[in-house]
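Okay, so here's the structure we're looking at.
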Amino acid sequence: MQKTFKIMQLYENAVLNICADTLKRNKQALVFVSTKSSAEAEAERISRKIRVKDSDKRSLEEVSSKVLRVLDKPTKQCQRLALCVKKGIAFHHAGLHSAQKELVENNFKRGLIKVICATPTLAYGINLPAFRVIVRDLKRFSGPRGMNWIPVLEFLQFCGRAGRPDFKDKHGEAICVAQTQSDKKRIIEYYISGEPEEILSKLAVEPVLRTYVLSLIATEYANTENELMSFFKKTFYAYQFKDMKKLERIIKRILNDLEEWEFITRSTDYLEATLLGRRVSQLYLDPYTAHYLVTCLRRAKNRIISPFSFLQMISNTLELRPLLTVRAKEYDYIEEKIAEHQASLLCLEPSMFEPEYEEYLKSIKTAMFFLDWINEVDEELLLEQYGIRPGETRAKLELADWLLYSSQELCKLIRLHGLIREINKLRVRLKYGAKEELLPLLRLRNVGRVRARKLYNNKIKDLDDIRKADITRLTQLLGRQTALSVKKQLGQEYAEEKIRVKKSKRKGQTALTRYDEKSS
DNA sequence: GGACGGTGAAACTTCAGGTTGCCTC
DNA sequence: GAAGTTTCACCGTCC
């Protein structure tokens, strides 16, 4: 239902006016924008003009300081969010650390945070309704065609967040912001009065089809071309397009590829997955990626293997996209890096004139980012150098781990056992973002990259050193609870009450006195 | 006169998001 | 294509 009402024009900015009005009514709002930096900038703009209720001030400061403490060293993004949260405003996008997302979501549900400026993430998956939804951007950049209007379905998804029946809202309001009169007309006709788009089957997309064809054969659901075809005839794709001839042609080509890649065998009409094919299917890998990984791994015996070898190998897969973009001024530097790592690269460099070259450069930059991470570069520097935000780092690391695990599994089947250990080491280093020298210490529970580094720099380099270390010294480095836990993990228990912390006369300093060892 | 901070125009840069595996060194 | 960010020139203020 469309509704007309006036909102006080206190500022030049429409979003700001609507937010001010929402707060005056003691309600909350979600603002949807098209990019991460827009979400941050809009939140900042609103927070500069908003006055916080005295009763909320203290709680907001607490949340703000929690936001700041999520990482060991807060990044600019953390500081920006913390400042906004102090004013009861927040931004939300995939670049946020998951703990920060949770803080924002929970405190919005509590009613403490009044406005969230978000990218479309918030409209999907997360149940976070608000009295008002403000859709600021209805256009989004999409590749070579420039700015495009978003689908009606997506618009409806945004609007669906309006209204909180749990909080006795009788209705919710969704407000679009139009820049021009013609935009206004378009919004009313296309979005408000228009019909949502038809839902299209994604089956015709080759990576998806490839994966399903292999999985049908691997699970022995279909063992002949006819069985495969009769399966696909019953899918939504067939119902929608009816062009089975085209689908048949694509499937035939996929079967040829799978056979050539040794994922299936064909005797007369009978299709069977090989051991390798079955594993590829279990790992949910696109067979194309799996074949690429196998080719790279087989190349390893002629190369000088280093962590960069594997990092670049996985960075060049479709799964890890979008890769980090290479700026014009970085070209020379990246090319230098290729020369530097030449002998260890498992994925060969395409010619400069090939269309893949651009992606190859990106894969090198992405691998460099991973390498910096495992060399303990902190997140503020990663944000500065690579423009990658903490939340995005986590997402990339998770993908990298899956691809490396898959590579390990493939190594087992193609008898490259020598590589498994190396990949495993790399996975632990990626998980913690730590240099190789910290690996022994990382085996302990409650010890991550920060604590391990602290121990290592204080000459406690492995489990034996920890065993020999004085509990007092360990407590100074790790704190009491962690020190006790670490010792306990090595079978050394201490009577807790006998470790006393004596306040030093000098302010703020603590020193430990006696300790008693129960057993070792 | 020089250091410093604030301001605004111009140039430059960048553009949403997410599931899958296994259990272990 | 448009919004956000960075850069840089310019100006006023203070010491």
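Here is how names work: the chains are called A, B, and so on, in the same order as the sequence lines, proteins then strands, and each is numbered from 1. Keep in mind the model is a prediction, meaning the values are calculated, not measured.
- At whole-Å resolution of the value, CG in A/Leu439 and P in B/dT24 are 18 Å apart.
- Between B/dG17 and A/Thr121, a contact under 4.0 Å exists linking OP1 or OP2 to a side-chain N or O.
- With C/dG4, B/dG21, B/dG17 as the candidates, the nucleotide lying closest to the side chain of A/Ser37 is C/dG4.
- Looking at the side chain of A/Ala94, the nearest of the listed nucleotides B/dG21, B/dA16, B/dG18 is B/dG18.
- The pair A/Asp257-A/Arg210 fails the salt-bridge criterion, with no side-chain N (NZ, NE, NH1 or NH2) lying under 4.0 Å from an Asp/Glu carboxylate O.
- Phosphate proximity of C/dT5 to A/Arg80: present, with a side-chain N or O under 4.0 Å from OP1 or OP2.
- Considering only side-chain atoms of A/Ser38, the nucleotide from C/dA2, C/dG4, B/dA16 that sits closest is C/dG4.
- Comparing atom distances between the A/Met147 side chain and each of B/dA16, C/dG1, B/dT19 picks out C/dG1 as nearest.
- Rounded to an integer number of Å, the gap from A/Ile126 CD1 to B/dG18 C1' is 12 Å.
- When each of B/dG21, C/dG4, B/dA16 is scored by its nearest atom to the side-chain atoms of A/Tyr284, the top-ranked nucleotide is B/dG21.
- Comparing A/Arg321 and A/Thr325 along DNA chain B, the residue whose closest nucleotide (by nearest heavy atom) sits nearer the 5' end is A/Thr325.
- Whole-Å rounding puts the A/Glu40 CD to C/dG4 C1' distance at 10 Å.
- In terms of phosphate contacts, A/Arg136 brings no side-chain nitrogen or oxygen within less than 4.0 Å of OP1 or OP2 of C/dA3.
- The nearest whole Å value for the distance from the CD atom in A/Glu384 to the P atom in C/dT6 is 10 Å.
- Contact check on A/Arg453 versus A/Glu437 returns a salt bridge, with a Lys/Arg side-chain nitrogen under 4.0 Å from an Asp/Glu carboxylate oxygen.
- Between A/Lys36 and B/dG17, a side-chain N or O to OP1/OP2 separation shorter than 4.0 Å is present.
- In this structure, A/Phe141 counts as stacked on the base of C/dG1 under the 5.5 Å centre distance and 30° plane angle limits.
- Nearest nucleotide to the A/His93 side chain, out of B/dA16, C/dG4, B/dG17: B/dG17.
- Between the C1' atom of B/dG21 and the CG atom of A/Leu293 lies a distance of 14 Å, rounded to the nearest Å.
- With B/dC22, C/dG4, B/dG18 as the candidates, the nucleotide lying closest to the side chain of A/Pro322 is B/dG18.
- No more than 12 heavy-atom neighbours from other residues, nucleotides or ligands sit within 6.0 angstrom of OH on A/Tyr333.
- Closest approach to the A/Arg45 side chain among B/dG17, C/dG4, B/dC22 is made by C/dG4 (side chain taken as heavy atoms from C-beta onward).
- What separates CG of A/Leu413 from P of B/dC22 is a distance of 13 Å, to the nearest Å.
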